[in-house]
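The structure appears below as structure tokens.
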Amino acid sequence: MSKKTSRDAQPRQANPPSPVRPEDERLPLGKLATFGLQHVLTMYGGLIAVPLIVGGAAGLSADRTAVLVTASLFIGGLATVLQSVGLPFLGSKLPLVQGVSFASVATMVAILAGPGNDLSTVAGSIVAASILGFVVAPFFARIIRFFPPVVTGVVITAIGLTLVPVAADWAMGGDSESDDYGSLANIGLAFLTLVIILLLSKVGSATLSRLSILLGLVGGTLVGALLGLTDFSEVGSGSPVAAPEFLAFGVPEFDIASIISMTIVILVIKTETAADIIAVGEIIGTSVDRRRIANGLRADMLSSAAAPLFGSFTQSAFAQNVGLVALTGVKSRFVVASSGVIMIVLGLLPIFGQVISAIPMPVLGGAGVVLFGTVTGSGIRNLRSVSYDGNMNLIIVSTSLAFAMIPVVKEDFYHHFPEWFQTIFHSGISSAAIMAVLLNLLFNELTAGNSRNPSVFAAKPVRVLSPSDLRDLREGDVFVDGRFVDCDGEEVPLVPDDKLEEVRAKIECGEITDTSQIPEVVAPDGDDPSDAGPDGGGTGRTDETGAAQEPPRPRREPQVHGTAERQD
């Protein structure tokens, strides 16, 4: 029997415990409440805007609009707790605040504008589209490539642009049948609210800047009260505490065209939420894998499917709160969960909804200019990351945005089309999304048959120079190794004087769309364009014996970067 060594006698060391993830940090109750309230105040203006817009489009009274507001607070709180705390297969367990998504507003307004449609039709479209979104959540990573920045950027931009008329209508009073609709008092109050928000955004205090929308609404409402434009008579009526009503606006009705429109929006919402999950993971320095994204999307879709049953709408992560996580450095998901609890409490107090629904429409109009303009700006920022060189992305963006604006500037454009078609395309969001997806598939996915050169509408303008006329020189042009090169490193061909006008005429009429076509034009009849000079401009010549001659050089050769001078 062998003896145990001293090493064998020593107890085994347990494996070191795995490090705590940054999002699992536990904070004292006081800090949880304080930081949680900060999240609520950051997103409060955007959260209440959606029920106010939809309530106005549905023609609801102030007390029924208040029901939408409190329901949106309550459901948003539950969705936030589900997303941040999580359940098996549900929730990303990341600090993400959930709330009513702006992406669905224009589509909901378009559905309400359809004949015979009301909030029950909107509810049915959201429930059906969200259930579909829940089912495809695990496979979404496979189709998300069909929603690159050129598509999502177009859709987000279209959301902001199509909502601008809503802000203008609010600024004028919100009721076109009213005697004071469009009065100087209404528009002046809207402008005053806008000025308050802009000034608070400019001040050095980060807190005031983040709360500028909310404080602007408060300031505008106080001025409206002094002018007699505010009615608080309904505030305080009814029960002080009340849970959201189940099926408060009727049993959901399922209209196929409305569901198709909403499904497009749901796909966009899922794309935004997936991006927010990835972004917040990078910000707090934690691992985000495909399973975590799928869990987050399932929570998103489950919340969206349940929301209409209690008077709310589609739910998604709020990007501004992702920015707040980065700004404050507070990474705990339990802070966000506490903000969800605060929203639930506010949703149980009808008085908050009553106060919000009493805000004068012109005040909401002034805030709407900033809110909807910010959405547009976010879309433009996304489009800034898109490459437009050597492809058809410019055509995709411009055509899709044009389709988004058609129903905005000409409401009766589709009036002779079938009702299902009107429901889908009367929404600028749906129009832009459908066109962007189809055009992206046509030009960027189905590349077979694509022209080697992009369309003349998207191509970079063709430039040429001649030996005796250098007026086309621009800042950044340089002369390197016997060739003119622009600031992007692309060659600017040198064309013989006797061919210059012909080449420029062909460029203007679209016969020449790329510099590679120029040698074919400038080559003498019967000569092979491949025998052109080294500059690619067809300037190579031979003498009577066939010996190659140097191409004529311009009388002045710029040697350094800078603004080139014109040759006289």
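Quick caveat, the model's predicted, so the values are computed rather than measured. Counting begins at 1 with the first residue of the sequence.
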Do [X] and [Y] have side chains that approach each other closer than 4.5 Å (heavy atoms only, starting at C-beta)?
X    : Y    : value
D24  : S332 : no
F254 : I259 : yes
L82  : L90  : yes
I48  : L217 : yes
V363 : W170 : no
L96  : V336 : no
L161 : V408 : no
S201 : V370 : no

Can T314 and V265 be said to form a side-chain contact (heavy atoms from CB on, under 4.5 Å), step by step?
-> CA-CA 9 Å; T314 53; V265 174; 5.6 Å; no

Smallest separation among heavy atoms of [X] and [Y], with atom names:
X    : Y    : answer
A33  : S338 : N-OG, 4.5 Å
A225 : T230 : N-OG1, 3.2 Å
S431 : F425 : OG-O, 2.9 Å
I293 : A274 : CG2-CB, 4.2 Å
T162 : G428 : CG2-CA, 3.8 Å
F313 : V54  : CZ-CG1, 3.7 Å

Do F74 and F310 have their ring centres less than 6.0 Å from each other?
->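 No, the ring centres sit 6.0 Å or more apart.
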
Would you compute the distance between atom [atom1] of [X] and atom [atom2] of [Y] and round it to the nearest 0.5 angstrom?
X    : Y    : atom1 : atom2 : value
F403 : L438 : CZ    : CG    : 10.0 Å
L119 : L112 : CG    : CG    : 5.5 Å
T221 : I359 : OG1   : CD1   : 4.5 Å
M361 : D169 : CE    : CG    : 8.0 Å
D118 : I111 : CG    : CD1   : 11.0 Å
S287 : R21  : OG    : CZ    : 9.0 Å

Please check this pair: side chain of [X] against backbone of [Y], looking for a donor-acceptor N/O pair closer than 3.5 Å.
X    : Y    : value
N382 : G153 : no
D255 : T121 : no
T80  : Q98  : yes
S261 : T107 : no
S400 : I396 : yes
S120 : P252 : no
T193 : L189 : yes

Evaluation steps, side-chain contact (heavy atoms from CB on, under 4.5 Å), between T273 and I277 | CA-CA 6 Å; T273 298; I277 291 174; 4.0 Å; yes

Carboxylate-amine/guanidinium contact E25 K31, below 4.0 Å | no

R292 with D289: basic N within carboxylate O range, under 4.0 Å =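 Answer for the salt bridge query: no.
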
side-chain hydrogen bond (donor to acceptor under 3.5 Å, both in side chains) evaluation trace for Q83 with S92 = CA-CA 6 Å; Q83 186 71 265; S92 62; 3.1 Å; yes

Can you give me every donor-acceptor pair (side chain of residues 124-133, partner residue at least two apart or in another chain, under 3.5 Å) with its distance?
unit_1	atom_1	unit_2	atom_2	d
S125	OG	V122	O	2.7
S130	OG	I126	O	2.7

Taking atom types as modelled, is there a side-chain donor on T286 or E23 under 3.5 Å from an acceptor on the other?
->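 Present: a donor and an acceptor within the cut-off.
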
Quick one: do the Q315 and D300 side chains pair a donor with an acceptor below 3.5 Å?
->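 No, no side-chain donor-acceptor contact under 3.5 Å.
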
Please report the C-alpha distance between V325 and H39 in whole Å, then the side-chain angles of each, then the deciding distance to 0.1 Å, and finally whether the side-chain contact (heavy atoms from CB on, under 4.5 Å) criterion is met.
-> CA-CA 9 Å; V325 171; H39 272 287; 3.9 Å; yes

Please indicate whether Y414 has more than 12 foreign heavy atoms, meaning atoms of other residues, nucleotides or ligands, lying under 6.0 Å from its OH.
->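 It does: Y414 OH has more than 12 such atoms within range.
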
Just wondering, are more than 12 heavy atoms of other shown residues or ligands nearer than 6.0 Å to CZ in F249?
-> yes

Option from S304, S72, S316 for which side-chain contact (heavy atoms from CB on, under 4.5 Å) with V100 holds = S72

Relative to F89, does R298 satisfy both conditions: NZ or CZ under 6.0 angstrom from the six-membered ring centre, and within 45 degrees of the ring's axis?
->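 No, a cation-pi geometry is absent between R298 and F89.
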
Under the side-chain contact (heavy atoms from CB on, under 4.5 Å) rule, what do R333 and L94 come out as? Steps first, then yes or no, please.
-> CA-CA 5 Å; R333 59 191 173 101; L94 288 168; 5.8 Å; no

